[in-house]
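Below is one structure, written out as structure tokens, with a few remarks after it.
What you see below is based on every heavy atom in this structure, not just the backbone, and it leaves out hydrogens, waters and symmetry mates.
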Amino acid sequence: MTKSGDEEQRPVFTPILCATGLSVFLLSPFMISKHSIPASDIIFAVAYPLYIYLANTLCFNSNVLALSRGRVIESLGHGQFLGNTTFKTYMKTIGFFTVLLPIIFVLVAPQEVTSGAVSPLMLLVVQIATERKTKRFHDALRILVPMGFNAYRLKSLYYWVETAMLVVPKDQPWYYVSLVFSLANLCVWTYNLFVFLLLRVLPAYFDKDYTPPVEMAYTVVPIPKTTMTQKND
């Protein structure tokens, strides 16, 4: 893919995820001051990116093999979705239901109603930041970023649904608003993980010529052979 292809990618992501992600980032101090975020979510938001970084450095030799081939850094899925109208619509739908609506909901609805919506937004911001910082990482780890965050975020989304059903009285209009928003987010991210990421994006990385695997020294322990060779020398 050429540089012009990379520029073609920006109209898809910038107004949908990057801009809205920046909005969440700027509003994060306000949201965190009004709501408490579970300690487990904060630990994951710190530990998982650290795990990705250490894995790339220690287990995949900082992706030296792929980078040495002069390969152009592409978007997720090797750029196969660039310029696709359906993909653009899909990204806009995700941005609308999982970013824009939850932000408005958190800002407008009563605090006791919106407590479950803050953690998924916070995790999404960290995911976007991690994806932008791991563009030169091994492909196996790049795809693990959205997959790992998406899988973990389902827990927070389930908590949001549970909160919407149990905390808000059914005779209040906010009960139905919170329930619809939480269920919509749970459905969108469930589809994104189990259908789009696993069945559409992941197969793009099965090409060993394009995504060169790192030969490991052991069957179970992920230690590259090159590392062992350097130690022996």
Side-chain angles (χ1 to χ4, degrees), residues 6 9-10 12-14 16-32 35-67 71 73-79 91 94-95 98-99 102-103 116-160 185-186 188-190 192-194 196-198 201-202 204-205 211 213-214 216 221-224 227:
D6 183 63
Q9 170 194 0
R10 294 175 185 175
V12 179
F13 292 98
T14 301
I16 302 168
L17 287 185
C18 294
T20 49
L22 178 60
S23 301
V24 179
F25 176 77
L26 295 176
L27 290 170
S28 293
F30 169 76
M31 293 188 294
I32 294 175
H35 303 84
S36 60
I37 296 179
S40 58
D41 292 350
I42 297 176
I43 292 174
F44 180 85
V46 175
Y48 192 65
L50 179 60
Y51 159 75
I52 295 293
Y53 171 78
L54 292 177
N56 185 68
T57 303
L58 302 177
C59 303
F60 291 90
N61 289 330
S62 299
N63 200 27
V64 172
L65 180 58
L67 295 176
R71 196 189 79 184
I73 305 301
E74 293 182 320
S75 63
L76 203 62
H78 293 326
M91 295 303 298
I94 288 183
T98 68
V99 182
I103 288 178
V118 177
S119 280
L121 285 173
M122 182 273 294
L123 291 169
L124 181 58
V125 170
V126 179
Q127 175 186 332
I128 295 173
T130 305
E131 288 179 355
R132 294 179 64 85
K133 293 296 183 180
T134 56
K135 290 182 178 181
R136 297 178 62 85
F137 283 24
H138 192 274
D139 284 339
L141 299 174
R142 290 188 65 192
I143 187 61
L144 279 181
V145 173
M147 288 175 59
F149 273 100
N150 201 153
Y152 182 85
R153 190 162 49 245
L154 294 182
K155 176 184 74 72
S156 297
L157 293 169
Y158 176 78
Y159 171 75
W160 184 10
N185 273 261
L186 181 61
V188 168
W189 286 122
T190 298
N192 189 70
L193 174 62
F194 292 103
F196 180 67
L197 289 178
L198 288 178
V201 179
L202 185 61
Y205 297 101
T211 302
V214 176
M216 298 296 177
V221 182
I223 299 179
T227 302

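Side-chain contact between Phe60 and Phe137 is absent, with no heavy atoms from C-beta onward closer than 4.5 Å. Leu198 has its side chain within reach of Met147: a pair of non-hydrogen atoms, C-beta onward, lies under 4.5 Å apart.
Within a 6.0 Å radius of OH in Tyr53, other residues, nucleotides and ligands contribute 12 heavy atoms or fewer.
Counting all heavy atoms, side chain and backbone alike, Leu193 lies closest to Ala151 at CD2-CA, 3.7 Å. Shortest non-hydrogen contact noted between Thr190 and Leu186 is OG1-O, 2.6 Å.
Side chain of Asn56 to backbone of His138: a donor-acceptor contact under 3.5 angstrom is found. With Asn150 contributing its side chain and Trp189 its backbone, the two residues share a donor-acceptor pair below 3.5 Å.
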Mind running side chain to side chain contact (heavy atoms under 4.5 Å, CB included) on Leu197 and Leu202 for me, showing each step along the way?
CA-CA 6 Å; Leu197 289 178; Leu202 185 61; over 6 Å; no
Go through the steps to decide whether Phe44 and Phe149 satisfy the test ring-ring contact (aromatic ring centres under 6.0 Å, His included), and finish with yes or no.
CA-CA 9 Å; Phe44 180 85; Phe149 273 100; 5.4 Å; yes
Mind listing the side-chain donor-acceptor pairs of residues 116-129 below 3.5 Å, one per line with the distance, residues two or more places apart or on another chain?
{"from": "Ser119", "atom 1": "OG", "to": "Asp41", "atom 2": "OD2", "distance (Å)": "2.9"}
{"from": "Gln127", "atom 1": "OE1", "to": "Arg153", "atom 2": "NH1", "distance (Å)": "2.9"}
{"from": "Gln127", "atom 1": "OE1", "to": "Arg153", "atom 2": "NH2", "distance (Å)": "3.0"}
{"from": "Gln127", "atom 1": "NE2", "to": "Glu131", "atom 2": "OE2", "distance (Å)": "3.0"}

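Between Asn192 atom CG and Thr98 atom OG1 the span is 8.5 Å, to the nearest 0.5 Å.
By the ring pair (Phe, Tyr, Trp, His ring centres under 6.0 Å) test, Tyr51 is found to be paired with Tyr48, residues two or more places apart in sequence or in another chain being considered.
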